[in-house]
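Presented below is the structure to which this report refers.
Note on naming: letters A, B, ... go to the chains in the order of the sequence lines (proteins, then strands), and numbering restarts at 1 for each one.
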Amino acid sequence: MPSDMLRNLELDLDVFSGPFDLLLSLILREELDLLEVQLAEIVIAYLDHLERRERLNLEAATEFLVLIAALLELKSRLMLPGEEVEELDELEPAQAAEELLDRMLRYARYQNAGQWLIERQEAGQQFLLRESGPPAELSKTAEKPRATHDPQLLARAVGGLLKMPPAPDLRHLRNPRVSVADRLTILRDLLRRGRFDFERAVAGQDRMTVAVTLYALLELYKRGEADWEQEVPFAPITVAVGGNAAARAVAS
Amino acid sequence: MSPLARVVEALLFLSPEPVSGEALSAATGAHQADIDAALAQLRAGLLGRGLQLREVAGSWTLVSAPEAETAARELLARPRSNALTPAQAETLAIVAYLQPVSRPEVARIRGVAAESATNALVERGLIEEAGRSQFGAVLYRTTTQFLASFNLSSLRDLPDVQTFDPSPQDEAALRDRLLRAGEQRAESLGSSR
Amino acid sequence: MSPLARVVEALLFLSPEPVSGEALSAATGAHQADIDAALAQLRAGLLGRGLQLREVAGSWTLVSAPEAETAARELLARPRSNALTPAQAETLAIVAYLQPVSRPEVARIRGVAAESATNALVERGLIEEAGRSQFGAVLYRTTTQFLASFNLSSLRDLPDVQTFDPSPQDEAALRDRLLRAGEQRAESLGSSR
């Protein structure tokens with residue numbers, strides 16, 4: 001469970017407003033769709049919060065990193081359904097770009113149409129409809145019950161619900177091949193040889209592997225097995241053995 | 001007609017209640033004397049029209065012209081928006097065959113929320129509340145108006161369920177099969193995302 | 001204004017919903033052609049007045065003139081409804097142009113889930129269920145209220161969807177950026193191997 005500080009982190013997002021731990025539990029209970037949550041907004045809210053508090057609580061910060069990274073991983077898995085990544089990966093770069101371009105153009109069309117609707121709605125609000133019903137003395141006779149519907153409508157409707165949908169085709173699905181455990185092993189192997197550049201751990205790998213490796217690294221940091229540094233944003237990330245590594249060696 | 005008279009006409013048209021001169025003056029920002037002039041203009045402009053200006057206890061309202069009364073009764077007595085939407089038809093069918101049935105159960109069978117369809121059916125007088133389930137959810141059943149609207153003399157007259165399997169008259173069996181189909185629908189949709 | 005046009009004006013004033021030509025004809029006993037003529041007369045008679053005649057999905061209704069909006073919102077304390085969020089607007093556009101369309105299809109075009117946007121649009125009365133796809137997914141279509149709130153007399157009033165396609169220049173720029181990004185990625189993968 002998150003510490004008090006995280007629990008009380010108040011968020012005001014597009015799709016949710018309230019404390020962070022409520023957001024978490026809503027997502028875990030699948031009552032809120034993670035795909036609709038802008039994780040960047042949460043990070044910004046957290047940074048604002050840190051700024052106001054001045055003092056950095058390292059434990060809470062690590063905890064936040066782990067939680068937000070877990071959410072990121074979950075979201076990236078949701079956003080990159082296996083089949084589509086496969087599809088794009090198998091295409092030549094030029095073909096993949098064409099395919100992506102097609103999708104973006106199709107989306108741009110409806111994005112623009114949506115903008116038009118927003119303006120149209122604005123203009124449509126100038127005209128108001130009368131909302132009051134007719135005077136009572138005229139509507140007394142309203143809606144006599146009479147046979148207006150065909151009973152077969154009910155049989156058709158309920159019969160339609162009995163229809164079993166065709167079983168979904170699962171042949172194209174494969175289990176995700178990247179596991180946190182595997183990436184942990186690779187990172188620990190590298191660590192045994194000393195400091196290394198994060199790029200080495202993920203050289204030539206796809207985005208999913210990079211994301212899972214970063215998550216594994218967070219896990220190591222949390223356990224005190226690894227430390228990492230980055231001089232400036234986008235600079236190489238250097239990973240080194242952490243303060244707690246000795247303890248781990250004893251335990252194992 | 002002056003711009004102010006036009007606005008006054010629109011205000012009286014929209015307002016469900018008679019509107020006082022002060023309220024018209026406050027809403028438009030015009031002086032009482034200008035409102036009076038606008039009302040006089042409106043009264044004159046409505047001569048020979050289908051609407052009339054009327055004063056009720058010092059306030060103003062628009063009413064329909066008396067010669068429209070017969071046609072109005074005829075129009076308003078007709079059942080409005082006859083057809084059931086697909087969501088309403090499914091919900092009504094589930095209530096009719098499985099009653100009494102709760103909204104969560106309807107939602108489980110349909111695979112989507114049943115709130116607005118249920119409310120619309122209650123409003124149309126086709127279903128009504130019938131106590132609560134053991135979990136506290138409101139139960140629904142069909143009304144006598146439902147029977148009249150569908151020309152049924154009793155629930156025993158409900159038509160046989162139309163499906164590939166012609167024998168599911170037993171209500172418990174039907175409920176089971178509907179729930180199973182609903183679950184499978186939810187699964188196959190979930191995996192298509 | 002003819003007696004029939006007057007009665008039509010009164011009927012549109014009294015009815016809580018838009019009224020179809022057939023319903024006007026049935027209520028008044030007049031032929032459809034005479035109803036059409038009466039509607040044309042009414043439209044002309046309302047020029048320069050506080051009310052306007054409006055066609056919504058093949059039915060007729062009266063609305064207040066735009067210049068009365070400020071005063072009306074003041075008098076009735078009816079604030080403007082919230083603007084659509086971008087997610088809602090995109091979803092509504094997809095439903096409007098491709099209807100009937102299922103939620104998974106909307107999600108495929110937008111690249112993100114459409115659940116809360118769809119629910120919000122249903123709640124606002126702008127879209128409604130329209131049966132099911134072959135896989136059992138609920139299909140959605142726009143409502144009459146959608147036409148009324150967006151000042152459209154029918155779906156044919158929506159602009160040709162191609163008018164919303166990005167310009168050839170924008171398309172070329174997008175293509176360029178994508179190709180360059182692809183090359184860079186290929187290079188960086190090559191060099192890191």
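Between C:F164 and A:W116 there is a side-chain heavy-atom pair separated by less than 4.5 Å. C:R132 places a side-chain heavy atom less than 4.5 Å from the side chain of A:L161. The shortest distance between side-chain heavy atoms of C:R80 and A:E122 falls below 4.5 Å.
Chosen from C:E67, C:R78, C:R73, the residue pairing most often with chain A at heavy-atom distances under 4.5 Å is C:R78. When each of C:L51, C:V161, C:T163 is checked for heavy-atom pairs under 4.5 Å with chain A, C:V161 comes out on top. Between chain C and the options A:G114, A:A123, A:A108, heavy-atom pairs under 4.5 Å are most frequent for A:G114. Looking only at heavy-atom pairs under 4.5 Å with chain A, the residue among C:Q162, C:Q88, C:R54 that has the most is C:R54. With chain A as the partner, the residue from C:A72, C:P159, C:A65 showing the most heavy-atom pairs under 4.5 Å is C:P159. Of the listed residues C:L62, C:L98, C:D170, the one with more heavy-atom pairs under 4.5 angstrom with chain A than any other is C:L98.
With A:Y107 as the aromatic partner, C:R110 does not meet the cation-pi criteria of under 6.0 angstrom to the ring centre and within 45 degrees of the ring axis.
In this structure, OG on C:S15 lies 10.0 Å from CZ on A:R130, to the nearest 0.5 angstrom. Rounding to the nearest 0.5 Å places CD of C:E17 at 11.0 Å from CG of A:L129. For the atom pair CG (A:L128) and CD (C:E69), the distance works out to 6.0 Å, reported to the nearest 0.5 Å. With rounding to the nearest 0.5 angstrom, the CD1 atom of A:I118 is 7.5 Å from the OG1 atom of C:T85. Here A:E119 contributes atom CD and C:L84 contributes atom CG; the two are 11.5 Å apart, rounded to the nearest 0.5 Å. Taking CD of A:Q126 as the reference point, atom CG of C:N151 lies at 8.5 Å (rounded to 0.5 Å).
Both the backbone and the side chain of C:F13 come within less than 4.5 Å of a heavy atom in chain A.
Closest approach of A:L105 to C:P166, counting heavy atoms only: CD2-CG, 3.7 Å.
Within 6.0 Å of CD on A:Q230 lie more than 12 heavy atoms contributed by other residues, nucleotides or ligands.
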**OP:** Test C:T61 against A:F127 for side-chain contact (heavy atoms from CB on, under 4.5 Å), laying out the working first.
**Re:** CA-CA 12 Å; C:T61 191; A:F127 304 90; over 6 Å; no

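A:R109 places no side-chain N or O within donor-acceptor distance of the main-chain N or O of C:D165, the cut-off being under 3.5 Å.
C:S81 and A:Q125 share a donor-acceptor pair across their side chains, judged by distance under 3.5 Å alone.
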